[in-house]
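Right, one structure below, let's go through it.
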Amino acid sequence: MTSETGKPVRAEADFASASVPQHLLRGALGFGLISGSIALVPFAGPATLLAAPLGLVALRGCPTCWLIGLAQTISRGRLERSCTDGVCTLTRAGGTASK
């Protein structure tokens, strides 16, 4: 897919949740499953590592993806991005622009 200028357009990943408490709950679940699966290996054996992929699913891929989603969830509705003639600006929902 290309834009009007002929440059390729990247699909933007959206890792945001519906609300900040929901996102924090997903993070607690994901990080808890990952750390719990590693911490329980000495007591319950390597089978506990099977819980780690479930933690990655809760984080929507990786801890960095979760952090990006947290920033997106917090900024949702507060910031707007608009691109015109190859120049993108980030504005507050009220209207002040910055590059």
Side-chain angles (χ1 to χ4, degrees):
M1 178 188 252
T2 59
S3 66
E4 294 172 1
T5 60
K7 295 181 181 178
V9 176
R10 290 185 291 146
E12 293 187 28
D14 187 17
F15 297 104
S17 297
S19 67
V20 174
Q22 179 186 2
H23 197 82
L24 293 175
L25 182 63
R26 267 196 21 242
L29 178 67
F31 288 116
L33 282 170
I34 292 170
S35 60
S37 70
I38 294 169
L40 290 175
V41 168
F43 306 106
T48 59
L49 292 175
L50 294 173
L54 296 174
L56 292 175
V57 169
L59 295 176
R60 291 190 184 156
C62 64
T64 304
C65 300
W66 182 83
L67 287 171
I68 291 169
L70 180 62
Q72 288 176 340
T73 303
I74 291 171
S75 70
R76 180 163 282 166
R78 295 182 184 163
L79 299 174
E80 296 173 353
R81 178 181 172 189
S82 61
C83 298
T84 309
D85 296 329
V87 177
C88 296
T89 58
L90 189 63
T91 60
R92 290 184 183 168
T96 331
S98 66
K99 289 187 182 180

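Any value given below was found using the heavy atoms of this structure, including those in side chains, with hydrogens, waters and symmetry copies removed.
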**OP:** Sequence neighbours left out, what pairs pass side-chain hydrogen bond (donor to acceptor under 3.5 Å, both in side chains) with at least one residue falling in residues 31-54?
**Re:** none
Subject >> Residue pairs, two or more places apart or on separate chains, that pass side-chain hydrogen bond (donor to acceptor under 3.5 Å, both in side chains) and touch residues 58-68 >> reply: His23-Trp66
Subject >> Partner residues of Pro63 under the side chain to side chain contact (heavy atoms under 4.5 Å, CB included) criterion, sequence neighbours left out >> reply: Phe31, Leu59
Original post:
So how far is it from Ile68 CD1 to Cys62 SG, rounded to the nearest 0.5 Å?
Top reply: 7.0 Å
Subject >> Atom pair CG (Leu33) and CD1 (Ile38), whose distance is rounded to the nearest 0.5 Å >> reply: 11.0 Å
Original post:
Hey, any chance Ile74 and Leu25 share a hydrophobic cluster, counting ILVMFWY side chains that come within less than 4.5 Å of each other, even indirectly?
Top reply: no
**OP:** Kindly work out whether a path of hydrophobic side-chain contacts (I/L/V/M/F/W/Y, heavy atoms less than 4.5 Å apart) joins Leu29 to Val57.
**Re:** no
Original post:
Between Leu70 and Leu24, does a side chain to side chain contact (heavy atoms under 4.5 Å, CB included) hold up when you go through it step by step?
Top reply: CA-CA 8 Å; Leu70 180 62; Leu24 293 175; 4.2 Å; yes
